Each structure stands twice: as structure tokens, then as C-alpha cells.
Amino acid sequence: MSSTTFVTLPDGSQREIPPGASALDLARSIGKRLADDAIVARVNGELYDLARPLPPEARVEILTTRDPEALEVYRHSSAHLLAAAVLELYPETKLGIGPPIKDGFYYDFQRPEPFTAEDLAKIEARMAEIRDRDLPYERQVVEKQAGLAKYREIGEPMKCELIEERAGDQFTEYTLGPQFIDFCRGPHLPSTKKIKAFKLLSIAGAYWKGDENRHQMQRIYGTSWYSQKDLDEHLQKLEEAKKRDHRVLGKQLGLFTVDDKVGQGLILWKPKGSIIRQELQTFISEHLRRQGYSQVFTPHIGKLELYKTSGHFPYYADSQFPPLVDREQISQLAADGCSCAHLANLLGSGEIEGFLLKPMNCPHHIRIFDSDPHSYRDLPVRLSEFGTVYRFEQSGELGGMTRVRGFTQDDAHIFCTEEQVPQEVSGCLELVKIIFGTIGMKDYRVRVGLRDPDSAKYVGEPEQWDAAEKACKEAAESLGVPYTLEPGEAAFYGPKIDFVVQDVIGREWQLGTVQVDYQLPQRFDLNYTGADNKPHRPVMIHRAPFGSMERFVGVLIEHFAGAFPLWLSPLQAVVLPISDRHLEYAGNVLEQLRGAGLRAELDSRSEKVNYKIREAQMQKVPYMLVIGDREAEQGAVSVRNRKHGDRGAMPLGEFLESVKGLIATRSQED
RNA sequence: GCCGGCGUAGCUCAGCAGGUAGAGCAUCUGAUUUGUAAUCAGAGGGUCGCAGGUUCGAUUCCUGUCGCCGGCUCCA
């Protein structure tokens, strides 16, 4: 054992401290402030508890509240505090896992009784009590077998399972007070009193190890922060987010509705929402024409056989509506004594011919492509359609516009030669970039879904996969935004590039997607005649830059907090006469606004302007045109902008020119 | 699909330890004629999600069902 510990600090300076000294000792020797702010240490690249003795030679970095990793440790320790409180109050509870997560932490518990909201308050109070006891989080190294025996004895079967799976010959555990002990890699805070502000937020069900075949546990979610102020701000932010929720705004602004008499997960677009959708479709159609796409229309159903050929049935039978079967066939089966159970089996296995509500548009487009012979000179053929598809999502997953059972994709399929793939993929990405740029959506991430080499669920030749994955990676690269490679995230027929955004409560949604497919052309035996006068197999690219109109508009509502840019606003201007004697001129103004192509309305109610303004403001109408004596005399309008307030009077013609310009360029300003 | 919570007027919500309900906003009517975020008054509006059960009596308690919310699982 060396007689001194040599420490190198981040600035390169070196120190010698007594052997067995900890990072906390080191911090104290540097300064009280640092010691107070210290959360955890990074020692030779590994995170160390502050109290853990340093090795003889150590590069040490003290992590304080400024470091993101420190916050994770802080929240991990908060999770332990939660578990300790739960065990004190409900000793029969069994522990699962309790990691930190974005903005907080959770812990999974198993207990016969469900936790209630009142329990949560009790647990929170007990957490505060334990926190005030100033208990240290103590790290211990134990031998695997001895440790296992101990956890078996205290009756923690899930901990035993984890130890069996994850531990080497030794593992670490952390205690908190005389009772609480947890198999845990750590590190943790030095003491509970470091935890300043926390709140338990919700209870939810969660399968043990995320496996729906295992038992279900109760997960308690919480959040913790370095100060009450930070916590309050975070809670405030959650409140604000609720107001931006597209389900709330969609109702307030009259954009869409879901009616259980129609069915779960089926969006009814109200007139105002329909305008937004229509504008988006016009917008994208312009770019499709520019990029040489052809538009097609196809029906909502197709023969089951079609989807057997494509492979969608039976791979995805569970998430499809069952096939539509004609009456005669049903009667025949009944006459043959077919039971309901048998019928269900036959339907499930696809042994009864029928029609399927289409889960995807590609088979229809493929049949259009194949309805004519093609030469290499024709390629690429780009077929686009705002095609509505139906998927039977699990009921617990449905909600708002982001997860639905019927939706319209801004879909297209490109049939091209293998050589054309890279160029076509980047063409698709360019389109996505234009769309996101126009909308002003910057917070999206790009996910390149690659095949998982271990899995057999993919179809196609490895060489083709390699080529397609390469094309996707290069295209993502050229996009100039950060992207992640995600093995195992590919579609079964090919790699893909996805665009993922977050909603107001932090959930991620996939929007646009570009997928390279070598598989379907083969399944459908597609051909084109090459320059060598021989048949060749085309490659298909599936792409939908918005993903679906439903999800995209849902995300857009939240992105704009309901205040859509002028070109997308369902109502662009509202005319507000001050009194009845201005009605005639106001009607005149309305006519001219509409004549210029604006979506405008007249508020002719006998209310004060303030009242009308308030209403228009809450409806987030971009322009309010106040009409009084002065305006009527001068042929002017007084312009109030929803964001900038009173802009003063101007001639109507001038106003029209300015908004027409903003609309034509799809400006984000108004 | 699973776990938990919730479902009262168009909306947001109150109420009921079991005696068939109330506010604000919205709507309608009247008055007011108004200058940049709510003028005043009056009226109408609910088989308390739906179906069973317990009870003299259920919006309230129980069961089932449908839907919504949070999470889990899934997501071509």
C-alpha cells in the first residue's frame, strides 16, 4: 500500500493526499464551496461516490450541480430515498428497479394493494423525514453468493434475479440507514440531506423487466431538483405544457374531434382543422410536382391475397382490422357448421379470403407500377398519394391525433434502379428539410434504422442491405443534422431514416420516414427492361415526410401552441366594427379581404371591441381589423396583430399587399 | 391488451357520510352603440357516460360495460 495518493486535477495540477482519502476530502482541501456543491466525482473516468477512497493514482474531477451527470446521480439517490420511504411505510413491498430518467426518477414496486394518491402524499412526507435524518448512502462490496443469500433472506426475489443476471463474483450495494439495502451499481450522494426539493408525480403500471408476460408492478414517478425554485419552475412548466397539449387546443380552437359513436382513434376533422390539413397538402403537392412525382388515387381496401404477397399479412395480423368477408362465404361457413372460434382462427390465419382495410399504400402503388411495362428510361417512377390507412392499435395506446386507428399518410413510392437509390433518398430528405424549414421545426432528431445482425426477422440479401444502409447513412450525413444509428430499428424489408419529434409532455413521435426496400419488388416480381434489353429488378423507396396528416397536425398544434403562421391559420383576419354604424364599411372590408383570397370573418355582434378582441385573441387569429369612424372615412383599417398588438391604421390596400406577400411565401412571421 | 385514476349543462368545474343537482363562461332574449384582452339584466339548458344490482329511495354504494387520462407493452 502506497503511503500517498497522487491526484491529478482537471486543470493538470497535481496533489498528494493521504492514502484512503476520498474525493470529498480532496474537495474540502480545495475549498468549502466546492465541497458543498460536490455531488459525485469522476475518478480515472469512472463515477465515484464522494466518500469512496481514491485509488493511489487518480485523475479526479469533482462534479457539482453544474454537471448533467451529477443530476442523474442526485435523482438516482432520490429514487433510493423513495424506496426507503415505501419500505418503512409498507414493509411487505418488494423492490424492482429505480433509475433516474429525464426530469426525474421512478421506482418499481410489487405490493398486493395498489398505491393511492393519498399514499403518495404519505410517502412524500416520509421521504422528507428520512431526508432530514441525514443518512449516508453507504457503498459496500459483497461476494455474489453471500449477497444472494442475504437478499433471499430479506425476501427480495427480483433483486436476486437481477444479481443472478448482472453481478460478477462481487457486486456493490448501497444501504440507507439500518433497514434499507439495495443491489445497485451507484454512485450515490453522500447523504440524504443533499436532496433539497422533490415531488412524487404519478403512479403507473409497468411490467417487470418490460416484459408483458411477467407480472405487473406499480411504478411511482417523481422528480427532484437542487432547489425548491427549480422544482416549482419545473412544475410550472408542466402546467404550461398542458395548455399547449394538442388535445386541449384542438378542442378550444375547434380543429378536430373524436367521437365514441364513430369510434376510438378515428379523427373527425372539423372545418378549421381541415383548412390546416388542406394547406399542408397544397404545400407538399407543390414540392412533389417540382420533384417530378405523379399523383395517384387508390381505394381504401384490397384483397387479403395482396397483403399475403406483400408480407404485411400475417406478419402484422394483430395490428390490422380483421378482413372483410362477403355474406355468401359467411353463410356457407355457417351452413358447414363452422363455430365462431373456428371462424376467428380461419380469419386470423388468413384462410378465408376477403378484403383488408389497407394498412399501407405500397401494394396498391406497386400494382399501378406493374400495370405498364417499364424501361430503364422511365425510372424513377414516383407515385404519390395522400393515402388513408387503417391500423388496429391497442386501445391503451390511442390518444389525440398522435396515435390513431385511421390516418392519412403523405405517402409516395419511388421505383428506381439500384444506382439511383442514393440520389432518390437524398431527394426525399431534401423534401423533409424544406418542410421542416418552412414550418420552423428545429427540434427533431434523425434516426437511421439498421438491421440487427442477430435477428432473423429481416428478409433480403445481406449485400443489398449493406448497400441500402450505406445509402441511408450517407443521405443522413448529407442532411447536416445530428443523427443516430440504431441497429434493430429497420423495417423488416429494409433500412430506414426516421424523423422524430417530442410532444409537450416529452413523448417522442415518429413523423416522416424514408425507407429503402429491396423486398417488395421481389415479392411482386417487378421488372423493368434495362439498357441490355434484359429484365431487371427495381428498388423501391417508401417515403412520407409528414408521416401522417393526423400526427403531424397534432405535433404542429403543440409546436405553434395553436398560433399557426398566417398561411396555415384557419381564420386569418377578423373584422371588428366598433358600433353598428360601421357595419356597412366593415362588410365592405370583409368582401375585399375575401376577394383577395383571405380567410376572414366579420364580428358584427353588438359587443364592445374589447370583448371581440379578447375572443379573437384567444382564438389566435393573426389579424384583428378594428373599424371605426376614422377608418370608414379614410378607407383604412386599424390593424391589431395577435403577437404585436396595435399596429395602427393603414389603407386597406396596403394591408392586403402585405399579408398576401406573407401568405405567398408561407412566412413564419405575421 | 395490462395496471391505476377519472366520467355532473356546449366548456371548465363545485356538490352529494344515499332524499332525482349548482357556479362561471358559452347560448338565447332585451337593453347598451361601444377605440385595442370580458357592458348590464333576464331566460333556456342536465334521465350526474351507459346497463344491471343493493335500497322505501342511487348522481352518490356494488358489479359490468363504454369512453377519457397517465404509464407499461406494442408500433409496417
Side-chain angles (χ1 to χ4, degrees), chain A residues 106 108 110 113-117 119-120 201-221 242 245 247-248 251-252 254 258-261 263-265 307 310-313 315-320 358-363 389 391-400 402-403 409 449 457 489-494 496 498 505 507-510 513 515 517 519-520 542 544 576-583 605-619 624-631 638-642 644-649:
Chain A
Y106 68 78
D108 284 346
Q110 192 182 14
E113 301 297 311
F115 288 115
T116 64
D119 294 338
L120 233 50
L201 297 174
S202 61
I203 312 160
Y207 297 106
W208 171 232
K209 289 187 172 170
D211 182 345
E212 62 178 322
N213 299 311
R214 303 296 299 267
H215 63 269
Q216 199 155 25
M217 314 187 57
Q218 301 184 64
R219 175 172 299 177
I220 297 181
Y221 281 92
K242 269 191 211 162
D245 191 314
R247 291 163 297 192
V248 174
K251 182 175 265 185
Q252 272 168 15
V258 183
D259 184 334
D260 50 292
K261 291 194 173 62
Q264 281 187 287
Y307 301 98
S310 72
H312 294 115
F313 192 94
Y315 286 133
Y316 299 105
D318 287 349
S319 49
Q320 286 163 176
K358 65 179 176 188
M360 305 194 87
N361 299 304
C362 24
V389 298
R391 299 179 189 177
F392 194 80
E393 304 289 359
Q394 298 191 91
S395 63
E397 256 311 326
L398 299 172
T402 42
R403 197 70 191 268
Q409 297 177 309
K457 74 170 180 174
E489 289 299 311
F492 73 91
Y493 48 69
K496 57 178 186 169
D498 292 331
I505 48 182
R507 292 181 295 206
E508 284 203 322
W509 298 103
Q510 181 191 315
T513 182
Q515 311 179 349
D517 179 2
Q519 192 52 32
L520 287 182
H542 309 241
L576 308 178
I578 285 172
S579 85
D580 288 355
R581 68 176 178 279
H582 309 117
L583 274 178
R605 293 174 302 176
S606 132
E607 297 285 353
K608 290 190 168 180
V609 216
N610 278 338
Y611 181 88
K612 298 181 187 180
I613 285 174
R614 177 182 154 82
E615 193 147 290
Q617 197 74 49
M618 289 195 305
Q619 286 295 307
M624 288 150 267
L625 304 178
V626 178
I627 304 293
D629 290 333
R630 295 196 294 272
E631 290 75 16
S638 271
V639 179
R640 181 190 165 94
N641 177 283
R642 67 181 167 194
H644 306 114
D646 192 353
R647 311 312 304 268

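Below, chains carry the letters A, B, ... as their sequence lines are ordered, and counting in each starts from 1. These figures come from a predicted structure and were not determined experimentally.
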Return the nearest nucleotide to the side chain of [X]; candidates are [options].
{"X": "A:Q264", "options": "B:A26, B:C11, B:C68", "result": "B:C68"}
{"X": "A:Q394", "options": "B:C74, B:U12, B:G71", "result": "B:C74"}
{"X": "A:S606", "options": "B:C74, B:G35, B:A31", "result": "B:A31"}
{"X": "A:K608", "options": "B:U34, B:A37, B:U36", "result": "B:U34"}
{"X": "A:Y611", "options": "B:A37, B:U27, B:C72", "result": "B:U27"}
{"X": "A:Q216", "options": "B:A26, B:C2, B:C68", "result": "B:C2"}
{"X": "A:S579", "options": "B:G35, B:U33, B:U39", "result": "B:U33"}
{"X": "A:R403", "options": "B:A37, B:C75, B:G35", "result": "B:C75"}

Between A:Y493 and A:Q515, is any side-chain donor less than 3.5 angstrom from a side-chain acceptor?
yes
Do A:Q409 and A:N361 meet the criterion of a side-chain donor-acceptor pair at a distance under 3.5 Å?
yes
Check whether the side chain of [X] and the base of [N] form a donor-acceptor pair under 3.5 Å.
{"X": "A:N610", "N": "B:U36", "result": "no"}
{"X": "A:R247", "N": "B:C69", "result": "no"}
{"X": "A:Y207", "N": "B:G71", "result": "no"}

Distance, P atom - from B:G70 to B:U12, rounded to whole angstrom:
15 Å
What does [N] pair with, Watson-Crick or G-U, if both distances are under 3.5 Å?
{"N": "B:A37", "value": "none"}
{"N": "B:A9", "value": "none"}
{"N": "B:G4", "value": "B:C69"}
{"N": "B:C48", "value": "none"}

When A:P359 and A:P114 are each assigned the nearest nucleotide of RNA chain B, the 5'-most assignment goes to A:P114
Which sits closer to the 5' end of RNA chain B, A:S638 or A:Y221, going by the nucleotide each is nearest to?
A:S638
Please tell me if [X] has a side-chain N or O lying less than 4.0 Å from either OP1 or OP2 of [N].
{"X": "A:R605", "N": "B:U27", "answer": "yes"}
{"X": "A:S395", "N": "B:G1", "answer": "yes"}
{"X": "A:R642", "N": "B:A37", "answer": "no"}
{"X": "A:R507", "N": "B:G70", "answer": "yes"}
{"X": "A:Y106", "N": "B:G70", "answer": "no"}
{"X": "A:R640", "N": "B:A37", "answer": "yes"}
{"X": "A:R581", "N": "B:U34", "answer": "yes"}

Looking only at heavy atoms, the pair that brings A:I613 and A:V626 closest together is CD1-CG2, 4.5 Å
Which atom of A:K496 lies closest to which atom of A:E489, heavy atoms considered
CE-O, 2.9 Å
On the six-membered ring of A:Y207, is A:R214 placed so that its NZ or CZ lies under 6.0 angstrom from the centre and within 45° of the ring axis?
no
Check whether A:D119 reaches the backbone of A:T116 with its side chain - one donor and one acceptor, N or O, closer than 3.5 Å.
yes
